Amino acid sequence: MVKDFISLADFSAEELLELLDLSDHLKQQQRQGIPHRLLEGKTLAMIFEKPSLRTRVTFQTGMYQLGGHSVLLETLLGERESVPDVARNLDRWVDGITARTFRHADVLGLAAHARVPVINALSDELHPCQILADAQALREHRGNDFSSLKLAFVGDGNNVFYSWINLAAKLPLNVTLVCPKGYEGDTRILEDAKSTAKGALRITSDIESGLKDADAVYTDVWASMGQEEEAAIREEAFRAYQVNARVMSLAKPDALFMHCLPAHRGSEVTDEVIDSPQSIVFDEAENRLHAQKAVLARLMGGPQAY
Ligand code: CP
Ligand code: NVA
């Protein structure tokens with residue numbers, strides 16, 4: 001396994017399944033009150049350039065539950081000190097670094113210059129921790145075999161979607177991006193993923209065909225962190241792509257509703273959908289804790305840690 005957790009594309013199918021199994025195992029242990037102090041005495045530095053509820057709380061709580069400790073740094077990388085220098089200081093003190101950045105290049109820069117593992121806690125390009133937790137939730141609700149499953153991602157072709165297609169390049173999941181023309185994002189990432197994909201990957205602006213036979217309908221905010229100035233224009237462009245009861249009815253009758261959160265209720269999703277029995281958004285959020293604990297234990301604890 002590679003040193004860092006930057007992109008799901010860096011891992012084999014076997015390694016991803018191993019992380020999901022470990023996440024299930026740690027979840028069970030946590031629920032049964034069985035101690036699993038796999039990172040006793042270890043410290044994680046957490047760099048956050050952007051706001052967070054789930055990621056920050058789950059990394060900090062996860063380190064605590066694993067017997068370790070975390071240090072929070074709310075700072076903009078490269079302003080006071082260069083990224084390589086931040087990495088070369090931190091690795092003298094801590095056993096791992098997690099970073100939520102604007103520029104994806106800064107996560108890569110930390111990983112290149114730090115001798116300790118670096119974990120991507122969301123960049124403008126990818127959100128691998130989210131999709132690992134989402135995959136765990138999907139397995140819990142639909143079983144471990146993804147090969148016949150179709151996930152319709154309705155919304156912006158951005159960091160969360162890119163991590164889904166990275167997963168679909170390794171595990172046999174069918175993913176369709178349903179978005180207004182012009183918001184597909186970097187289609188080169190999709191084309192690259194297609195060349196190695198285990199399942200079918202496609203893009204459409206047609207909601208009806210995009211959602212047909214979908215087992216899960218996923219959405220994300222229309223304007224991501226850093227795109228606040230585009231919020232009004234995006235609200236207009238995406239209005240027809242709101243996941244409401246009518247749109248959910250285009251998918252399979254028992255389709256799951258998924259969202260990475262935070263949700264902008266009334267924009268990309270309505271209350272009736274996110275609060276419906278089909279919604280598993282809080283299961284996804286819960287799994288952020290367990291999935292990240294698996295990543296932390298695997299990267300910072302070594303094979304002897306579990
Ligand atoms: N889904 C997610 O990453 O949430 P936060 O931005 O609150 O961390
Ligand atoms: N695409 C969103 C995800 C938030 C978890 C963003 O980058 O803001």
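Just follow the structure's listing: the first ligand is 1, and inside any ligand the first atom is 1. Worth saying up front: this structure is predicted, and the values here are computed from it rather than measured.
At least one heavy atom of Arg100 sits closer than 4.0 Å to an atom of ligand 1. Under a 4.0 Å heavy-atom criterion, Leu261 is in contact with ligand 2.
Judged by distance alone, the side chains of Arg103 and Ser123 never bring a donor and an acceptor atom under 3.5 Å apart.
A cation-pi geometry, defined here as NZ or CZ lying under 6.0 Å from the six-membered ring centre and within 45° of its normal, does not hold between Lys170 and Phe11.
Residue-to-ligand polar distances keep Lys50 apart from ligand 2: every N/O pair is separated by 3.5 Å or more.
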Going through the distances and angles, do Glu235 and Ser267 end up as a side chain to side chain donor-acceptor pair (under 3.5 Å)? CA-CA 7 Å; Glu235 190 81 26; Ser267 289; 2.9 Å; yes
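Set against the non-hydrogen atoms of Ser224, the atoms of ligand 2 under 4.0 Å away are 1 (N), 2 (C), 6 (C), 7 (O), 8 (O).
Counting heavy atoms closer than 4.0 Å to ligand 1, residue Leu122 contributes nothing at all. The part of Leu122 lying near ligand 2 is the side chain, judged by heavy-atom distances below 4.0 Å. By the criterion of a heavy-atom distance under 4.0 Å, neither the backbone nor the side chain of Lys50 is placed next to ligand 1.
Counting heavy-atom neighbours within 6.0 Å of Glu229 CD, excluding the residue itself, gives a total of 12 or less. Arg88 CZ: more than 12 foreign heavy atoms inside a 6.0 Å radius.
Closest to atom 7 (O) of ligand 2 among all protein heavy atoms lies Asn159 ND2, 2.9 Å. Looking only at heavy atoms of the protein, atom 8 (O) of ligand 2 is closest to Met225 N, 2.8 Å.
Once rounded to the nearest 0.5 Å, the distance linking CD of Gln242 with OG1 of Thr270 reads 5.5 Å.
Here the rule is ring pair (Phe, Tyr, Trp, His ring centres under 6.0 Å) with Phe153, and of Tyr218, Tyr162, Tyr241 only Tyr218 fits it.
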